[in-house]
Protein chains: 2
Amino acid sequence: MGRADLKAVASLAGVSISTVSRVLNGSKTTVAISEATKKKVVDAARRLGYVPVCAARALRRGYTRTIAVLCDAPDQLVRAIGRNMFDAEMMRGLVMEAVRQHLHLLFLTGLSDEGGTYNDQVAELGMADGLLVLNRNMKRGDICADVVLKLSKPVVYLLEYPDDCDGYICAPDDVQGGRLATGKLLELGHRRIGFLTERSYYPGVFGRRRSGWETALRSAGIEPERSWIIELGTASREVIEKAGLTAIVSPNDRMAQELKNRLRGEGMAIPDDISIVTFAYDAVSDGRVPPTACVSTPLAPLVARGVEMLSEIVCGNRPAERKFMPEFAYVAGRSVTAPRGG
Amino acid sequence: MGRADLKAVASLAGVSISTVSRVLNGSKTTVAISEATKKKVVDAARRLGYVPVCAARALRRGYTRTIAVLCDAPDQLVRAIGRNMFDAEMMRGLVMEAVRQHLHLLFLTGLSDEGGTYNDQVAELGMADGLLVLNRNMKRGDICADVVLKLSKPVVYLLEYPDDCDGYICAPDDVQGGRLATGKLLELGHRRIGFLTERSYYPGVFGRRRSGWETALRSAGIEPERSWIIELGTASREVIEKAGLTAIVSPNDRMAQELKNRLRGEGMAIPDDISIVTFAYDAVSDGRVPPTACVSTPLAPLVARGVEMLSEIVCGNRPAERKFMPEFAYVAGRSVTAPRGG
DNA sequence: CTGAAAGCGCTTACAG
DNA sequence: CTGAAAGCGCTTACAG
């Protein structure tokens, strides 16, 4: 005997399939059903160990109460598992909010595979009612962007999003962060403030942070020079001194750390020779002055709101706002001081 | 215009639905199709942005290439996210192996809900081709056991499993671990060796570890007395001295730690007054003597083999073995010495 | 090489 | 209060 279906239950209970479905599915359209019938059906279902086939249900209903998490590449999924605080926090946020919203979470793997026929991969996403896009780099024409376009399912972008995106977004206000970081340095008297970049540079988060840096400088009547953009790979004391910089804004924690290490190795004093402000999620504000000054915003509310938004959309409720964009706050640190001459 | 389906593609390409399906799905039964037709179809599909509806596909095909992870309760899912090394390792193992096997992972939430009609919850599991059961307590009649029974889908139990289980299991050999821990103490000359338990005690892992302890004692011609079973909640110097114990086997890390703290508080010296051996996953073996002696086994291979087994079953290949049961190894530690009188 | 048709197991308007 | 029937979108044996 295989798995029992509605037909089996119906025949055992001596009623029609429709009736069984109505009794067992808790349908919205409250159709009254006699207690006697109900009992017969429930008993029969129990006896046969009936379990609905959810593919059939999904096909008919059009939803699954499952949301997918889409990453650039499978190995990113792995990285997302607690290798560091950021990733651990991200995972915890995802799962906690999913539990709260009674949504199942589908972690997709293999999306970067080459094999398989025409968007077979995309199809797998269809299992979910909506997508949470958690890319680090939102390269245009990327497989992910493609996927998202093709599926006409609700999408919420987390942290990173395409520039021309008219969808839902949960991300900090990176431009504001760039302005804030730069503004603090300007207040202290810095005039020649650089911006740190990396070789593999995509527009997106970093671009927005950089554009905040530019805006702040221009508002202060300063036109940033090309040489003020420092590439981490080739950053050195010489490059920085040649550009005449007294401060640098780093769009990212790790990059700031790398830069500090390198410059210290070359005998540059931080902050005396060069001030550094970085971007961070969840800067610890335990009252102590952190080693690196930063503009920071907490990660948890972003993740939670992302899942919540998607849940709202999936359930047919329009979220209060299209974009959830909390601001960065400045956290003073030992990597910043007034410029020497100032 | 909604989402394009096979019919839309077929009509644009001027062919039948069957043909479109055959071109786009990479079906197993290699039916030859002319290049001309193929091109027409692919072009049409691309033009319309066709994406298969996976619920329909799943209904028809009968599989989804998705496996589910089933836990006792949703909040366990949350706990499973890197709060401690055990959980972090577990998550990492799950995801890494899933990626390797090209399986999607579905994390189920809300299974402990009261609301909902007759096994609505069970249905959600149907989304997956197989289940990985990751319960901590395999209480009989539990909702999870129920679910597993009702769905006739392949199941692999990880670490914990029902005693009467004839399914696939990936778990350490807990009985052997109990024998090993107790045996080491016997070798040192201990005769009166206790076993630590907890109030909320389920048969299962702890029971097997305890049965290993019993077996070892009996093999040494010692009949364990009732008073040798120490309940953590009421454990005290007095209880232990009254039972005349010189050593205790703890089935679990945390419990051992708690016991040590309590006894030290009462002025008992470890290991001079009482030796303690505990169970552990992944005891660090960096050459240094760990504070608590233990029998240990690595977690990662267990998790990986669990996912792999399920993958094999789901793909129709019979796994090499029905149970994967690595042994525990003894790791000496500062919590064990020969008994005082011995 | 291609198509018409059955069927996967549900849900739900419609009719009684 | 209950049932017969259409249809969700695919896949695939069968016939040509």
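Scope of the values below: all heavy atoms of this structure, side chains included, with no hydrogens, waters or symmetry mates. Labels below follow one simple rule: chain letters A, B, ... track the order of the sequence lines, proteins then strands, and each chain is numbered from 1.
Under 4.0 angstrom from either OP1 or OP2 of dC10(D) there lies at least one side-chain N or O belonging to Tyr50(B). For dT2(D), the OP1/OP2 oxygens have no side-chain nitrogen or oxygen of Thr19(A) closer than 4.0 Å. Taking side-chain N and O atoms only, Ser21(B) has a distance below 4.0 Å to OP1 or OP2 of dT11(D). Look at Ser18(B) and you won't find any side-chain N or O under 4.0 angstrom from OP1 or OP2 of dT2(C).
In this entry the distance linking CZ of Arg61(A) with P of dA13(C) reads 13 Å, nearest Å. Computed from coordinates, the Glu35(A) CD to dT2(D) P distance equals 10 Å when rounded to whole Å. The distance from atom CZ of Arg57(B) to atom C1' of dG7(C) is 18 Å, rounded to the nearest whole Å. In this entry the distance linking CZ of Arg60(B) with P of dG9(C) reads 10 Å, nearest Å. Here dC1(D) presents its P atom at 14 Å from NZ of Lys40(A), a figure rounded to the nearest Å. Across the protein-nucleic acid pair, Asp5(B) atom CG and dC8(D) atom P stand 9 Å apart, rounded to whole Å. Residue Lys7(A) contributes atom NZ, which lies 16 Å from atom C1' of dG3(D) at whole-angstrom precision. Between Leu6(B) atom CG and dG3(C) atom P there is a gap of 13 Å when expressed in whole angstrom units.
For Leu59(A), the side-chain atoms get nearest to dC8(D) when compared with the rest of dC10(C), dC14(D), dC8(D). The side chain of Val53(A) lies closest to dC10(C), out of dC10(C), dG9(D), dC14(D).
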>> Apply side chain to side chain donor-acceptor pair (under 3.5 Å) to residues Thr37(B) and Ser34(B) and explain how you reach the verdict.
In response: CA-CA 5 Å; Thr37(B) 306; Ser34(B) 75; 2.7 Å; yes
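Each of Ile17(B) and Lys38(A) has a nearest nucleotide on DNA chain D; the 5'-most of these lies closest to Lys38(A). Both Gly14(B) and Ala56(A) sit near DNA chain C, but only Gly14(B) has its closest nucleotide nearer the 5' end.
Among the atoms of the strands shown, only primed sugar atoms or phosphate atoms (P, OP1, OP2) are found under 4.0 Å from some heavy atom of Ser34(B).
Looking at Ser16(A) and Thr19(A), their side chains do bring a donor and an acceptor atom within 3.5 Å of each other.
Judged by distance alone, with hydrogens and angles left aside, the side-chain atoms of Glu160(A) form a donor-acceptor pair with the main-chain N or O of Val205(A) at under 3.5 Å.
When both pairing distances are held under 3.5 Å, dA13(D) makes no Watson-Crick or G-U pair with any nucleotide shown. In this structure, dA4(C) makes no Watson-Crick or G-U wobble pair, since no nucleotide meets both defining distances under 3.5 angstrom.
Smallest separation of non-hydrogen atoms from Val9(B) and Tyr50(B): CG2-CB, 3.7 Å.
With P as the reference atom, dG9(D) and dA13(D) are 23 Å apart, rounded to whole Å.
Once rounded to the nearest 0.5 Å, the distance linking CG of Leu158(B) with CG of Leu299(B) reads 7.5 Å.
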